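In this text, all values refer to a predicted model and were calculated from it rather than measured experimentally. Just so it is clear: chains get the letters A, B, ... in the order the sequence lines come, proteins before strands, and each one is counted from 1.
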Amino acid sequence: MLDVKALRADAQAVAAQLQKKHFELDVSAFEALEARRKSVQVSSEQLQASKKKASKQIGQLVGQGMSVDEAKAKVADELKDIDAELESASTELADIQAQLDAMLSGIPNVPHEQVPEGKDEDDNEEVLLWGEPKQFDFAVLDHVDLGGRRDELDFERAAKLTGSRFSVMRGDIARLNRALIEFMLNQHCDEHGYEMINVPYIVNNDTLYGTGQLPKFAEDLFKLHGDSEYYLIPTAEVPVTNLFRDEIIDPNQLPLKFTSHTPCFRSEAGSYGRDTRGMIRQHQFEKVEMVQIVKPEDSWQALEDLTQHAENILQALELPYRKVRLCGGDLGFSAHMTYDLEVWLPSQNTYREISSCSNCGDFQARRMQMRTRDENGKPQLVHTLNGSGLAVGRTLLAVLENYQNADGSVTVPEALRPYMGGKEVILAK
RNA sequence: GGAGGAGUGGCAGAGCGGUUGAAUGCACCGGUCUUGAAAACCGGCGAGGGUUAACGCCCUCCGCGAGUUCGAAUCUCGCCUCCUCCGCCA
């Protein structure tokens, strides 16, 4: 949520910033609504004040010994029309407020000035290329073929169990999956200073509102049937960032740095036909997430650090990758600025997203009313950041494809061998 | 699932339906005293919102939501959460 005060002060300026994000802010609609809000709110509060005053007067008179009926009669004039007026004013105000909230909660975060212009991923700005894609002297297989040789990666049976966009992992691949998770968590905890945290995979409305998935992106989520409005999490960012919602965090506790391994559930509405083969785009995938809650002045550096932490994983696994700064059109709803990391996939001969690291500024914090105190002790919104470190399924397939051998086996990256019982090669026939 | 009990400010803990945003204590901040510290004493100390150039003034908030009333922390109803006991269970 943007600061409504900034919009009141200069809606045009905000609209100009949002254009980079290809969001059209209806300035005149906002200003018209805001003008009504102001007049109705002022009169509604005035009416409340006079009603309160009259009630207090009755209290005083009764306290002085007057009978209740007499006291009421004495202030009857003042109370005469208030109820009806107040009723209509507060109904109108609630209506306007609801419209304003609906408008406001649908406006995305403004992009940082460093965010490049552009409409989609083709316009993202490359900031780093790391590693050299390996030259293969044989025809490379993709992860589906590699994993399918011994049924260790099984999409057909997953489809039987559930449907499309699910997978079954078995044997060494299942173990590789676990190895990646452990390796990533250990790196973040032992080398990068994160605290591990385990959170619910099912969350409520308020939590999804806090990070910005609701109300606008409900169709991307899996909603549970039942009496409660519950959803499966689309990312650990949602429960972890919301941990301290509605709290004022002691500044001495900041920064908070959490890492969490969870499954993620996404409906992938609107991506029919895209990435249908393999485990690139699944309804359920695992991710190791990093979340930071920091003082406002620290978030800029924190984004660099957090992104580096994700890069460290790729570097330790010796996977070639590319780092891009997302352009305005590709930036997410809540993000102020985002770096994507894209890993090299030999089978596609291109780089594909494996991590997304964002600074959300105070955008989520304002929705969550998550605050700390400034040097004067005044409440102040915190800044929130999140990033994948990394998407486990995509890392797994990147490992399979980049480490494949001519015979269809896969060499285990050295960093993972301790987690694989020392095994150096898997999927050998 | 059944039966009870409880939700008040950072914490503890008062609060007859009436000038209560809320006693008191602790914690915290400032001051006096002290060579310094502690103790003692004095003062300050919730959040959100509106309005204003500003000082200030006003509204809302005692788990959440409705209701009764001129007036609700206090009464009524529904919901949520927590605790205790019983049952069931990984």
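- On the P atoms, rU60(B) is 14 Å away from rG65(B), given to the nearest whole Å.
- What separates CG of D250(A) from P of rC28(B) is a distance of 13 Å, to the nearest Å.
- Contact check, R371(A) against rG48(B): a side-chain N or O comes under 4.0 Å of OP1 or OP2.
- Separating the P atom of rU74(B) from that of rG21(B) is a span of 13 Å, rounded to the nearest Å.
- Residues passing the salt bridge (Lys or Arg N to Asp or Glu O under 4.0 Å) test with E237(A), sequence neighbours excluded: none.
- Under the salt bridge (Lys or Arg N to Asp or Glu O under 4.0 Å) criterion, D154(A) pairs with R157(A), sequence neighbours left out.
- Per the geometry, CG belonging to N376(A) stands 15 Å off C1' belonging to rC45(B), to the nearest Å.
- Remark: the separation of the C1' atoms in rG25(B) and rC61(B) is 24 Å, to the nearest Å.
- With C1' as the reference atom, rG50(B) and rA37(B) are 47 Å apart, rounded to whole Å.
- For the C1' atoms, the distance linking rG43(B) with rG36(B) amounts to 24 Å, nearest Å.
- Protein atom CD of E70(A) is 17 Å distant from nucleotide atom P of rC70(B), rounded to whole Å.
- Minimum atom distance to the side chain of I58(A) is reached by rG18(B), of the listed rG50(B), rU19(B), rG18(B).
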Per-nt protein contacts along nucleotides 54-68 of chain B (heavy atom under 4.0 Å; B base, S backbone sugar-phosphate only, - none) come out as ----BSS--------
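- Rounded to an integer number of Å, the gap from CG of L381(A) to P of rA47(B) is 14 Å.
- Take the nearest nucleotide of RNA chain B for G377(A) and for R37(A): the residue whose nucleotide is more 5' is G377(A).
- Distance noted for atom P between rA14(B) and rG1(B): 32 Å (whole Å).
- E311(A) has a carboxylate O that lies under 4.0 Å from a charged side-chain N of K323(A), or vice versa, which qualifies the two as a salt bridge.
- Partners of R352(A) according to the salt bridge (Lys or Arg N to Asp or Glu O under 4.0 Å) rule, which considers only residues two or more places apart in sequence or in another chain, are D275(A).
- Rounded to a whole Å, the CD atom of E34(A) is 14 Å from the P atom of rG49(B).
- Under 3.5 Å, the side chains of Q46(A) and S43(A) contain no donor-acceptor pair of N or O atoms.
- Pairing analysis of RNA chain B (Watson-Crick: purine N1 to pyrimidine N3 plus N6-O4 or O6-N4; G-U wobble: N1-O2 and O6-N3; both under 3.5 Å) yields stems of 3 or more pairs at B:1-7 with B:80-86, B:10-12 with B:24-26, B:28-32 with B:40-44, B:46-51 with B:56-61, B:63-67 with B:75-79.
- When R37(A), R36(A), K38(A) are each tested for a salt bridge (charged side-chain N to carboxylate O under 4.0 Å, His left out) with E34(A), only one passes: R37(A).
- Ring centroid separation for the pair Y231(A) and F265(A) does not come in under the 6.0 Å cut-off.
- Mapping I248(A) and V62(A) onto RNA chain B via the closest heavy atom, the residue that lands nearer the 5' end is V62(A).
- When the P atom of rG10(B) is taken as reference, atom CG of N252(A) falls 17 Å away, rounded to whole Å.
- Checked against rU19(B), rC70(B), rA47(B), the side chain of S55(A) finds its nearest nucleotide in rC70(B).
- A gap of 9 Å separates the C1' atoms of rG15(B) and rU20(B), to the nearest Å.
- Dashed line: the shortest gap from a side-chain N or O of K38(A) to OP1 or OP2 of rU52(B) is under 4.0 Å.
- Distances shorter than 4.0 Å separate some side-chain N or O of K72(A) from OP1 or OP2 on rC70(B).
- In this structure, Y339(A) has no ring pair (Phe, Tyr, Trp, His ring centres under 6.0 Å) partners at least two apart in sequence or on a different chain.
- The interatomic distance linking K378(A) (NZ) with rG44(B) (P) rounds to 15 Å, in whole Å.
- Within the structure, every side-chain polar atom (N or O) of R373(A) is placed at least 4.0 Å from both OP1 and OP2 of rG10(B).
- A donor-acceptor pair shorter than 3.5 Å cannot be found between the side chains of Q308(A) and E304(A).
- The residues E289(A) and K287(A) are annotated as salt-bridged, a charged nitrogen and a carboxylate oxygen being separated by less than 4.0 angstrom.
- Heavy atoms of K5(A) sit under 4.0 angstrom from primed sugar atoms or phosphate atoms, though from no base atom.
- With rG21(B), rG18(B), rG50(B) as the choices, the nucleotide that has an atom nearest any side-chain atom of K56(A) turns out to be rG21(B).
- Rounded to whole Å, the separation between the P atoms of rG87(B) and rG46(B) comes to 49 Å.
- The existence of a salt bridge linking D374(A) and K295(A) is excluded, since no basic side-chain nitrogen approaches an acidic carboxylate oxygen closer than 4.0 Å.
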